[in-house]
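Structure first, commentary second.
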Amino acid sequence: MERLIDRAQSSHSTRIYYGRKYFNYPLVIETLSALGIVESLRIIIFYAQTRLFPPSYPKNFSE
């Protein structure tokens, strides 16, 4: 038996606080242009690097 989950639509917006400013989420072109080219590229490169090479999490406290 499959359980269906209904997601309610909300009228509030989600925002990210970064660099003393609020930005709409999910990120759109206007948000990236407000950050500037250098900062946008830095964020995109960091995201790609994290997706390609995920961090290794320690299995115990000694690692």
Side-chain angles (χ1 to χ4, degrees):
M1 186 170 190
E2 186 176 334
R3 181 178 171 194
L4 298 175
I5 299 173
D6 292 349
R7 294 184 184 212
Q9 295 291 331
S10 62
S11 61
H12 72 279
S13 64
T14 304
R15 299 188 303 168
I16 297 172
Y17 186 69
Y18 181 79
R20 298 183 184 184
K21 295 180 185 176
Y22 285 101
F23 296 97
N24 292 330
Y25 183 82
L27 298 177
V28 292
I29 299 300
E30 294 85 19
T31 304
L32 294 176
S33 65
L35 284 170
I37 301 227
V38 173
E39 192 65 20
S40 296
L41 285 175
R42 196 172 77 89
I43 291 169
I44 292 168
I45 290 170
F46 178 75
Y47 175 76
Q49 180 182 12
T50 305
R51 294 293 290 184
L52 291 173
F53 308 104
S56 60
Y57 295 102
K59 295 179 182 170
N60 55 41
F61 286 112
S62 66
E63 291 182 354

Could you pull out all residues at least two apart from L41 that satisfy side chain to side chain contact (heavy atoms under 4.5 Å, CB included)?
I37
Should side-chain heavy atoms under 4.5 Å link Ile, Leu, Val, Met, Phe, Trp and Tyr, which residues sit in the same cluster as Y22?
Y17
OH on Y18 to CG on L35, rounded to 0.5 Å:
7.0 Å
Distance-only donor-acceptor hits, side chain of residues 45-53, under 3.5 Å, sequence neighbours excluded:
{"unit_1": "T50", "atom_1": "OG1", "unit_2": "F46", "atom_2": "O", "d": "2.8"}

Applied to residues 40-50, the salt bridge (Lys or Arg N to Asp or Glu O under 4.0 Å) test, sequence neighbours excluded, yields E39-R42
